Each structure stands twice: as C-alpha cells, then as structure tokens.
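If you're wondering where the values come from, they're calculated on a predicted model, not measured in any experiment. Letters go in sequence order (proteins before strands), and every chain restarts at 1.
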Amino acid sequence: MGVSTFRKEHPVRLLCLEKSISWSLFSMLATNAASRQTIDTAPEIPKAYEPQAVEARWYQRWLDAGCFRAQPDAARPERAHAIMMPPPNVTGVLHMGHLLNNTIPDILTRRARQEGKLALWLPGTDHAGIATQSRVEKELRKIGKTRHDLGREKFIETAVQWRDKHGGIILEQLKKLGASCDWDRKAHTLDPDYSQAVLQAFVTLYHRGYIYRGKRMVNWCPVSLTGLSDEEVIMKPQRGLFYRMRYEIVEMPGQFLEIGTTRPETIPGDTAVAVHPDDQRYTHLIGKHVWRPFPRTPIPIVADTLVERDFGSGVLKVTPAHDKADFEIGQRHKLPVLDVMNPDGTMNDLAGPDLAGLDRFKARALAAQKLRTLGNLIKEEPYENNVGFSERADVPIEPRLSEQWFIKYPKIDEAKRALTSGHVRFHPERWNKVYLHWLNNIQDWCISRQLWWGHRIPVWYKKGADRNDPANRHVALTPPPNPENWEQDNDVLDTWASSWLWCLAPLGWLSPGQTTPALKYWYPTTALVTGPDIIFLWVARMIIAGLEFYGEEKTILTDDDIRARIPFHDVYFNGIIRDAQGRKMSKSLGNSPDPLDLFEKFGADGVRLGLLSIAPKGQDILFSEDRIAQGRNFCNKLWNAARFRQMAAKDSPPQLANSIGQILARINPGICDADDHAILASLATTTDTISNALANFDFNTYTSALYQFFWTDFCDWYVEASKPRLQDATTCPTLLAIHDLCLRQFLLLLHPVAPFITEELYHSLGYCSADTYIQNICPESGHKLRAMLASSGLQLNPDAIAQTTLLREFTTAARSLKAQQNQAARKDAHLHLLAKDPAAHTLAETNNGKLKKLIGATSIELHPAETDTSTPPFNANPATPTPLGILFLDITGTVDTTAEKKRLTRELERLEKLITTGQAKLSNEAFVSKAPPQILKGARQQLSETQAKHTEIKRLLNALG
RNA sequence: GGACGAAUAGCUCAGUUGGUUAGAGCGCCUCGUUUACACCGAGGAGGUCGGGGGUUCGAGCCCCUCUUCGUCCACCA
C-alpha cells in the first residue's frame, strides 16, 4: 500500500491499520498527533526528526521479520559474507569503544545484505574468567563469604546464576545501536558446544605435542591469585628507590662488594650474587662468597653473561624464586630456589621473623631500614623503572615459580605467511609489522589459570603419582573409566584459550576435520573489526588456531591450505576512543559518556554517523559530543529534505515507485536543464566513490562523500535551484521525479550507517512497499545509473555540468557583492551583467528567474560586453568580475566609494601576486619544456583568466574616479 | 634500548601514484523568521602545511636530519 492511498485516510483508520500498512511520515504523525491533540486536527509533520520512536519500532519489525537471520546456501558460495563480533565480556556494559567496533561491522553487513549477500554477523559474549570471577567473589564478600566457603561446584553455580542475571546486558544495548546481528546464533564461550570445542582444542594440541606442563617462572597476580600470560601484563613506569648496598666478602673480611637493588625485601631469597665473567673488576672474586645481610648467610659470587656491566656497580643480587632472569642464572649455576613470599604477596617464614607476614611493600620499607641499621646501606636514590602490572587487578605482578600448563604455538611460520602472502590483510597495513615482530619473538603461552570460572583443564592425574610424568595422566574430553583412582587438574584455561576459537566454534566446529554447513559456508569469515590492542591476545592467536584446527591434521601447510584455514580475510583495526583531552576513556576518570544517553540525545543514527565521521583512519579518536551532534544534524537535514519532497507534491501526491525505471518514466528529458544534469552526474559519481570507499574500509571517504553530495550539492544548490520550477505545473512532475531519484539512491547509500532513518524515509516516501526492507535493496552502480538515464533520453551532458559550476560561482559572486554593500538581506536588488560572450549571455538569460531567486534580485539586466560603463547605471556602482562577465549592483547614490576603492585595490593586489608567480612559472624554460601539456595548458589558462580579471577590476577602479 | 604512528586554519581532521590559487566540519565575525530545515541559510576572516637541509621544471606529499607528542615491544637488577 502506498503513501498516496492512505494519505487520504482518516487518522483513526491509520491507527487501526498501523500493523499492516507502510509506516510513513503521515501515519507516524497521525499517531503522534493523536496522542497530543485531537485526532481531527490535520496532521502536521514535525519539523525535527524524533528518532526514539522510529528506532524502537523499526528494530522490532526487523526482528519480527527475521531480517538479520542468515542461512547458508551451498549453491551460492560467492554470496557468503560473515563477520564475528568480538565478544565483549559477558558482564560488561556498553562503552564508547564498543560503539565504533560494532558500527563498522554493521555497516559492512548491511551493505553486504543490500548487495544480495547472505550476510551473517554473529554476536556473542566471552565468559571473561578473571573479571567475572572477581565480580562474583566481590558479591560473596558482601555477605562475608569466600569462594572456598562455597566450594567449587556451588561457586560455579552461583557464578552461572549471576552471569545469567546480569550478563548479556551489553548485547541488549547493542540492539539500541541498531546492530543487525543474527541473534539466533548468539554464542558464549561457556556454552556446552563451545566448551567442548575448547577442550577438544586442548586435547588435540596435547596429543600433537604442543602442550606441556612444567614448573616455570610465571607472572603471578597476588590479587587474583593466578598465573597470567605475558600478554596480560602491562608494563608501567613506576617511581621508587634504588638502594645501593655493600656486602662484605666472606673470604676477605673488611672488603665489600657494592650491589644495587630496587627490591630489598627479596634479600632473604637471594642465593648468590652475580658479575659478568669478563668484568675485570670482579674476576678475582668469582667463586668467593659474600655475606647476605639477613638472614646472615654466605652466598656465592657467580659469573653470568646476563649481568650488565655498565648498570650500577655491575653486580647483581640473584633471587631465583622472584625474578625471571635470576631464575635462569640460578638454573645455570644450580642455585637453591628460596621462595620467601606467599601467593598473596605477603612474606613467609623464610623471609625471617621480622618480615614474615608483612605485605611485600611494607616489607620493602622494613628491609631498607634493616639494611641501614646493619650498616649495609650506602645510599638510596629516587629511581624510575618499569614494573609489570596485572591487566585485570592493576597491581604489580610477582614473578613466581609454579606448576603451569603451556602451549608451544603451532603453525608459526604459516601464521606469518598468512599475512606476508596477503591471505589475511590488515587495515591499516602498518600493523603487519607489529604482528610479525610478535611471531618472530614468540614465547610459550601459559594457559592454566588458578581460577574456577572457566573451562576446567581436561587432564586427570593418577592419585598419588608424579603429575609431571605423562604416563600418569589421562588427557581427554571425558574422565577416565575408573574415576575413583584419578583426580582432575584444578585449574581452568585462560579465557583467550577459548576465545581463540571464536571464528570456529560458533559456526559449529567441534573437532579438526569435522564440519557443519555454516562452517563450510562462512569460514573463512570475511572481515574482523577490532582494536589493535588485542593483536597478540586475540587476532594472532585466532589465525594460529584456524591454521591448526580447521581441516585435517597437517604439519606443513601450502598456500592453498593457508587460504582455506585462515579465520578471516580482512582485519580492520580502529583507533581507541579517547576524550577531548586525549585521555583514554575509563570508568575511574568518569570521562566516558553512557552510549545509551547519547542514543537518547542524538538518536542511534546520529551517534553512528557522528562517530564514523570523527574516526580518522587507524588513528585514535578524540571524542566530543559536538561531533555526535553533527550526526544528528545530518539526520535532521535529511528528514527535512524528505519533508520538503512531500510538501512540494501537495497537488500531486507521491506515487508508490519501487524502481528507478518507474521514476525515470516520470521524467521529461526535454525540460531538464543544466542543474538537473549536474545533480544526477554528482549522484552517479558519489555512488562510485562510496562503493570504492566501502570496499576499501575507507569510512572517512564514505561519510564525507555522503555529506558533500547531500548537503552541498543536493540541499544547498539543487533543491534551492529547483524551487521556481517546482511551482510550474509543466516542470513540476519531472523535478519531483529527479528529487525522487536522488533521495531514493541516497537513502540506499546512507542506509548502512544510518539504518533507522533511511528505512523510515524509504517507506514513507513510497520507494518500497510495506513488506519489503531497504536492507534488501541494492543501490544501482554509478555506471548503471548513467546507462539507465541515457536510455530514457537523459544522456548526462558534461557541458551542462560545467554550466552549473558557472551558475554557482556567479551566484556566490553576486551574493558576495550584495553582502559587501550590506544588501544581503534585500530581495529587491537590481543587477546589471556585462555578459562576457554570447554563451554567458544565453546562460544568464535562460536561468534568469532561477538566478534572481537565488541571489535575491528583482532584475538582472544583460548588456553586451563592450557597453560603455562610464555612465549610469554602471559608473560609481560597485561591481565584481564573475565567470559570466562583470556584474554591477545598482545602488546609485548610496555607494561608499572610498570603501569600494579599498576593496577593489585589495583584490587587485591579490591578483597581481598571482600574475607575477604565474608569469614567472611560464617564463621558466624548464617548466615549459618538462611539465606535462595538461599542466601547462592549465597554468596558461589560469594566468589569462587572472589577467582578464585584473583588467576588469582596474577598469572599475578608474570608473570610481 | 628497539619499532611504529602523529605534527596542515583557534579546535578536530581530509589531502589516493609529486602538478593549476591547500580543503571540510566545528568555533569565530556580519547578515537573515525567503512558502524543508535556526539541529537552518547567505557572506566573511583565518594556514610561511613542526624546524633545517636535499632531489625536482614543480614538494603538504619523496629522501636525510632535528624537535615535540603518543603507542607498542624489551629479563638493566
């Protein structure tokens, strides 16, 4: 049912019909109006776009109609398009970063749908081991309990309840953004199938020899009480003290060795001091001992190349239990490992009675005090060094020796080739280097976490047997047949060891070689959109997981294998959203606006447009609400242009016109003028620009092309220029059709970024029927558009386009002339144009009515170029050169000749400068002989035009006397 | 200590292989209730493209160097 049909209906009918008819401006207004005033009042279109109702209504309709559901079609593999949403923490709430991360995939997905692709955008959440467990434990503490009070099973039960109650809010919030995800395929890393996949990946890697268990130095978080991977440690510069100490040499009483440290509290754990073997200062001491001050014990002086001779005194205290490098030195010299700290970062009994029980930082101060009283402290000086912090708990991590599971990454070479051979492409490309550097220096991945919330490691140990002997282990998806003799590993897997399967498991992957229709159809996925901060944590690991787990086991992969196994083809990295001062947005700073407030204030479309337009390619984004307001303003502009289209058709109601063909049929090519040609040409060009921009992830160009076409070309010029002809019954239908052509195509181009308003207007302007959706309609290509126009008799004329440029420049010059004489507001100006040639004369003549309206003039009289200007109405009147000739503003008697002279003189000087540089350039032999002809021609033309202008202005100045 | 990025109008940024007089939005100034839009329209001011060298007929763009800011990587205690 089209607009024209129900437009005449009584509003009451509309209310009754609202489920079955096309939502339109009018129906919506009728509803709005009905709620505000009596329903008998004639509906009035609101001047400003009110997004909230529109957005809620359309989102529900899309869901009801199953618009976002994607089904594979094995017969049409070329139509596959898939994006996996980077899973937010299940307990997280929407923040600014998510907005951009999800707007871009939505744009890509919606555009793909328009192009007829079977576009899947798969949403989901991450169980977020540490984060979620901490939240639940915090809740427990409120009632005075710990997880140990509950026990593992009960705790997990509580966590599940908590997750189900508070989790997933973020996905609901994403719906407000307009995210067109296939919600039926929503995934979660702790779903039963997903969990099975995670365990299968572990078991597979174990049996392939890539997983081992060992006692190693790991990054220990004393708050979360778990080991962490290197990638979860954030280095931060910290201000502290550097303690310079002296230890007495055992074999040489009275002689001392100077040693520096930042961590005196670990002294009880020292089991040696080390010097560089080639350090002449100390070679004679190697093998001797020093007195460790507390507890007072002799410890050996060893030689190790790891020691930096130039740093401090060149002597290093070796604490194998509390430092990675020291551990290595300890291993090499078979030093005892003395662990003086508890898992929670307090000192234990081995640290001696004074320190035992103290927190590590309090212990540090006390240790320094002890050094002082013992006479070991030479000096303490302020010092800044880098300290590793736990990403989650934000406390310094403690290097700690513990039993952990590690992955030795498979397919590293292939992972590099995936990028270097272009199977996976990063945008911007510069991230390649970061990725490759990481792979080139890759370290084994500590994947066990001493937590309960997560995938429990599928390893059982024979009771009472040595766990490090593989013969005593059962590694499988299911427990051993005689469980009473076995005990399962207590640890769970790193969350990233589940999310690295994010491109596989949600599509149904359960084990290598096995596949599902969805997996077969959409894997490898089309694109991934995420932040560069998780290149290592997630992106690189997903690539490795894909290469290792997709398909049958294969040790070495060919390029074809790689192409088939990579998880995605393109990765778009967006910048991090910062506040206006450039600070990272964070809860503690309170500088992050609530996205839902923004939706409320500016509409989801406005937020999407605004965000996209301020997102520089690959750079961080400085957020400011003003920018978002621009997005809203754009929606409002669009809304009003559509309103104008409706109102302009007062006497000829808009028709339901589904297709370009139907619109074209309403055009009478014979009455199309330069402006019509120009706007249609711009429409075609804009279409091409946008297609290229979207294909290249160039969202800057996408938005600026949208903006430029619609605001500048269409609204500011074309709509204004077409007003007089819309009043004329003979031209009106053609003009309306061209408006429709532009609006229809523009809505299609804008739809991916502003889904709600475009759907609303597409329906209310009658471009499709109620039961179809803009998401399934593809904008014609620029080429096709031109061809269709040509075949309905409207071959776009480049001359006409050039004429419009002249008219626009002429109009600007005329308005400027008026403004300079404080006549801007007047609509009764009298103008005289000395048309510079017959073509200019014709142009000004045929467009006279339009120009008068646009400039605000009652007359523009035309005169031959050679007219004598020394008499009225020319002399003593202000004038300006225009592309069509000299234009005079007839305000005889009121002109301020002094001011006018000043203005013209200024302009003359500007032109003289241009002429000088132009002449210099053209008299440069090298330029003339070497520059390409086009450039040369351009330079000559420019010079002659400038000279002509110069002559004219000179003449005007002389006329002023 | 390495690597990468940034520096263009008061602010935030465009500027695709070097090529006519370097653009946009916001902000600012002047004017405007013209029958879509003041979330608007018209006009205007404002830039030695971070500094210094170099290549070229020609450099915002290419090369070298310096400065400032930012990010990532790294076992100097």
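- Ion pair R263(A)/E398(A) flagged as a salt bridge, since at least one NZ, NE, NH1 or NH2 atom sits closer than 4.0 Å to an Asp/Glu carboxylate oxygen.
- For A77(B), the OP1/OP2 oxygens have a side-chain nitrogen or oxygen of Y383(A) closer than 4.0 Å.
- A cation-pi geometry, defined here as NZ or CZ lying under 6.0 Å from the six-membered ring centre and within 45° of its normal, holds between K723(A) and F644(A).
- Set against C26(B), A36(B), U21(B), the side chain of K637(A) has A36(B) as its closest nucleotide.
- A donor-acceptor pair is defined here as one N or O able to donate and one able to accept, closer than 3.5 Å; no such pair exists between the side chain of E232(A) and the backbone of N219(A).
- Under the Watson-Crick and G-U wobble criteria, each requiring two contacts below 3.5 Å, nucleotide U71(B) is paired to A3(B).
- In this structure, C635(A) reaches neither bases nor backbone, as no heavy-atom distance under 4.0 Å exists between it and the strands shown.
- Note on W711(A): a side-chain N or O is less than 4.0 Å away from OP1 or OP2 of G41(B).
- Minimum heavy-atom separation, I690(A) to A705(A): CG1-CB, 4.0 Å.
- Contact between the side-chain N/O atoms of K433(A) and the OP1/OP2 oxygens of C72(B) is not found at any separation under 4.0 Å.
- Across all strands shown, L306(A) has heavy atoms under 4.0 Å from base atoms, whether or not it also approaches the sugar-phosphate.
- Using a 4.0 Å cut-off between charged nitrogen and carboxylate oxygen, R808(A) and D713(A) count as a salt-bridge pair.
- Distances shorter than 4.0 Å separate some side-chain N or O of S816(A) from OP1 or OP2 on G44(B).
- Counting non-hydrogen atoms under 4.0 angstrom, Y435(A) reaches nothing in the nucleic acid.
- Using a cut-off of 4.0 Å between Lys/Arg side-chain N and Asp/Glu carboxylate O, K317(A) and D270(A) are scored as salt-bridged.
- G50(B) is paired with C66(B) under the Watson-Crick or G-U wobble criterion, all donor-acceptor distances under 3.5 Å.
- Residue-level contact check: R815(A) touches the backbone only, with heavy atoms under 4.0 Å from sugar-phosphate atoms and none from bases.
- Residue-level contact check: D326(A) touches neither bases nor backbone, having no heavy atom under 4.0 Å from any strand.
- Atom CD in Q238(A) sits about 13 Å away from atom P in A77(B), given to the nearest Å.
- Under the Watson-Crick and G-U wobble criteria, each requiring two contacts below 3.5 Å, nucleotide U12(B) is paired to A24(B).
- Of the candidates G19(B), C73(B), A36(B), the closest approach to any side-chain atom of H437(A) belongs to C73(B).
- The separation between D828(A) atom CG and G32(B) atom P is 14 Å, rounded to whole Å.
- Note on V318(A): nothing from the nucleic acid sits closer than 4.0 angstrom, heavy atoms only.
- Nucleic acid contact for K723(A): base, since at least one base atom lies under 4.0 Å from a heavy atom of the residue.
- Nucleic acid contact class of R627(A) (heavy atoms, under 4.0 Å, all strands): base.
- Using a 4.0 Å heavy-atom cutoff across all strands shown, P399(A) reaches no nucleic acid atom at all.
- At whole-Å resolution of the value, CD in E258(A) and P in A77(B) are 16 Å apart.
- A straight line from CH2 of W639(A) to C1' of C37(B) spans 12 Å, rounded to a whole angstrom.
- Comparing A77(B), G5(B), U35(B) against the side chain of E308(A) picks out A77(B) as the nearest.
- Among all heavy-atom pairs drawn from A641(A) and F710(A), the shortest one is CB-CZ, 3.5 Å.
- OP1 or OP2 of U34(B) has not a single side-chain nitrogen or oxygen of K827(A) nearer than 4.0 Å.
- Within the structure, every side-chain polar atom (N or O) of K921(A) is placed at least 4.0 Å from both OP1 and OP2 of G19(B).
- Taking side-chain N and O atoms only, N633(A) has a distance below 4.0 Å to OP1 or OP2 of C40(B).
- Screening L316(A), V273(A), D279(A) against V307(A) for a side-chain contact (heavy atoms from CB on, under 4.5 Å) leaves a single residue, L316(A).
- Rounded to an integer number of Å, the gap from I234(A) CD1 to C73(B) C1' is 12 Å.
- Heavy atoms of V928(A) sit nowhere under 4.0 angstrom from any nucleic acid atom.
- Residue A325(A) is classed as a base contact, given a heavy-atom separation below 4.0 Å to a base.
- In this structure, D533(A) reaches neither bases nor backbone, as no heavy-atom distance under 4.0 Å exists between it and the strands shown.
- The CG-P distance, from L854(A) to U35(B), rounds to 15 Å in whole Å.
- Phosphate proximity of G43(B) to T812(A): present, with a side-chain N or O under 4.0 Å from OP1 or OP2.
- Among the heavy atoms of the strands lying under 4.0 Å from E720(A) is at least one base atom, whether or not backbone atoms are also near.
- Candidate nucleotides C57(B), A36(B), C26(B) were compared by shortest atom distance to the side chain of F927(A), and C57(B) ranks first.
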